Amino acid sequence: RAVMIDVMPKFEHATGHKLASTFGTSGAVVKRVQGGETADVVIMPRQGIDSFVKDGKAVAGNVTVVARSGIGVAVRKGAPKPDISSPDALKRTLLAAKSICYLDPAGGSPDGTHFAKVLDRLGIANEMKSKTVRPKTGVSVGDSVAKGEAELGVQQLQNLISVAGIDIVGPLPGDLQDTVVFAAAIMGSARDAAASKALVDFLRTPEAAVVIKAKGMEPATP
């Protein structure tokens, strides 16, 4: 969302096309499309895009990878940064924390789903249940940490980096990391294929790459 809010006016200025955009969680976007809502282009984690291809709502040849993002840990601004440099260090930090915040896997969040698996892998899923705080409606993981509602926040780095009032501790260590691949799909329902392709192509330009990097993600290689 942060990337697109920055990129959209640049695209409009460069091409003359006007964009009408809506945003939602991954799970919500998939439900909307599966429920019959149409769009020219959908940009989201690759898992959701692949489901559209499987359902015949998009074709693989019209799917383009645009960015990648890892999952990170954040604390309230000025708070000591705990050690998360290895799986064992992360495990100790999580057990020592009074509270943690990450998105509910039931909502379809890729990072929430992955982090729940990380807790299982570390063998501390049960211990963390009583410490887990979910963001309130309309409040992000980062905002929950900034407000002191949770000691640690875990989410995709691009969602944390733009939040005031928190400090990024770093990415999940080693093979506990999960790189989320973001792709843009020109949908079968697209009413303007040329404009749709222009948007996807713009997301692979050096100008867009600068924005993607600034928002905590890695741009796809052209």
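Being a predicted model, the structure only gives us computed values, none of them experimental.
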On a heavy-atom basis, the closest approach of Ser196 and Val41 is CB-CG2, 3.6 Å
Hey, is NZ on Lys117 packed in by over 12 heavy atoms from elsewhere, all under 6.0 Å?
no
Taking every heavy atom of Gly48 against every heavy atom of Met44, the minimum-distance pair comes out as CA-CE, 3.9 Å
*Does His114 reach the main-chain N or O of Leu176 with its side chain, forming a donor-acceptor pair under 3.5 Å?*
yes
Open item on the list: Could you check whether any side-chain heavy atom of Leu19 comes within less than 4.5 Å of a side-chain heavy atom of Met8, counting everything from C-beta outward?
Closed with: yes
Heavy-atom donor-acceptor pair, Asp111 side chain to Ile71 backbone, under 3.5 Å: no
If only side-chain N and O atoms count, and only distance matters, is there a donor-acceptor pair under 3.5 Å linking Asp83 with Ser85?
yes
**Prompt:** Linking I/L/V/M/F/W/Y whenever any side-chain heavy atoms sit under 4.5 Å apart, do Leu152 and Val163 land together?
**Reply:** no
Heavy-atom side-chain contact between Leu172 and Ile84 under 4.5 Å:
no
Rounding to 0.5 Å, atoms NZ (Lys131) and CG (Leu95) come to a distance of 5.5 Å
Linking I/L/V/M/F/W/Y whenever any side-chain heavy atoms sit under 4.5 Å apart, do Leu203 and Val210 land together?
-> no
Shortest non-hydrogen pair, Phe11 vs Ala195, comes out as CZ-O, 4.2 Å
Between Tyr102 and Val154, the two heavy atoms sitting closest are CB-O, 3.5 Å
Rounding to 0.5 Å, atoms OG1 (Thr22) and CZ (Arg1) come to a distance of 10.5 Å
Test: Glu149 and Lys136 ion pair at under 4.0 Å: yes
When rounded to the nearest 0.5 Å, the distance separating CD of Gln158 from CZ of Phe182 is 4.5 Å
Interatomic distance, OG1@Thr179 vs CD@Gln156, rounded to 0.5 Å, equals 10.0 Å
CG (Leu160) and CD1 (Ile168) are apart, to the nearest 0.5 Å, by 4.5 Å
- Query: Do Ile100 and Val133 come within less than 4.5 Å of each other through their side chains, counting heavy atoms only?
  - Reply: no
Only residue of Asp104, Val141, Leu103 satisfying side chain to side chain contact (heavy atoms under 4.5 Å, CB included) with Arg134 is Asp104
Practice task
Answer yes or no: is there an ion pair linking Lys197 with Asp192, defined by an N-O contact shorter than 4.0 Å?
Solution key: no
query: Just by distance, do the side chain of Ser144 and the backbone of Ala150 share a donor-acceptor pair under 3.5 Å?
result: no
- Message: Could you check whether any side-chain N or O of Arg204 sits under 3.5 Å from a backbone N or O of Val65, counting only pairs where one atom can act as donor and the other as acceptor?
- Response: yes
Would you sort out whether Val42 and Ile186 count as a side-chain contact (heavy atoms from CB on, under 4.5 Å), showing the intermediate values? CA-CA 7 Å; Val42 176; Ile186 299 175; over 6 Å; no
(message) Would a single hydrophobic cluster contain both Phe202 and Ile212, if residues Ile, Leu, Val, Met, Phe, Trp and Tyr are joined by side-chain heavy-atom contacts under 4.5 Å?
(response) yes
| said: If we ignore hydrogens and angles and just use 3.5 Å, is the side chain of Glu151 paired with the main-chain N or O of Lys98 as donor and acceptor? | reply: yes
- Query: Within a strict 4.5 Å, meaning less than it, do heavy atoms of the Glu12 and His17 side chains meet?
  - Reply: no
Could you tell me if the side chain of Asp6 sits less than 4.5 Å from the side chain of Lys215, heavy atoms only?
yes
- Message: Strictly distance-based, threshold 3.5 Å: is any side-chain N or O of Lys57 a donor or acceptor partner for the main-chain N or O of Met187?
- Response: no
Check whether any side-chain heavy atom of Arg68 lies under 4.5 Å from a side-chain heavy atom of Pro219, and answer yes or no. no
Tightest non-hydrogen contact, residues Ala146 and Arg76, listed as O-NE, 3.1 Å
Student check: side-chain heavy atoms of Phe23 and Ile5 closer than 4.5 Å: yes
| query | Judged by atom type as modelled, is there a donor-acceptor pair below 3.5 Å linking the side chain of Ser26 to the main-chain atoms of Ser109? | reply | no
When rounded to the nearest 0.5 Å, the distance separating CG of Leu122 from CG of Asp88 is 8.5 Å
Could you check whether Asp143 pairs with Lys147 (Lys NZ or Arg NE/NH1/NH2 to Asp/Glu carboxylate O, under 4.0 Å)? no
Say whether Val63 and Met4 are linked into one hydrophobic cluster, either directly or through other cluster members, by side-chain heavy-atom distances under 4.5 angstrom.
no
Cluster overlap Leu199 with Val66, hydrophobic side-chain contacts below 4.5 Å: yes
Pairwise side-chain contact, Asn126 with Lys129, heavy-atom cut-off 4.5 Å (strictly under): yes
Would you say the side-chain atoms of Asp40 pair up with the backbone N or O of Arg191, donor to acceptor, closer than 3.5 Å? yes
Val145 and Ala74 have their tightest heavy-atom pair at CG1-O, 4.2 Å
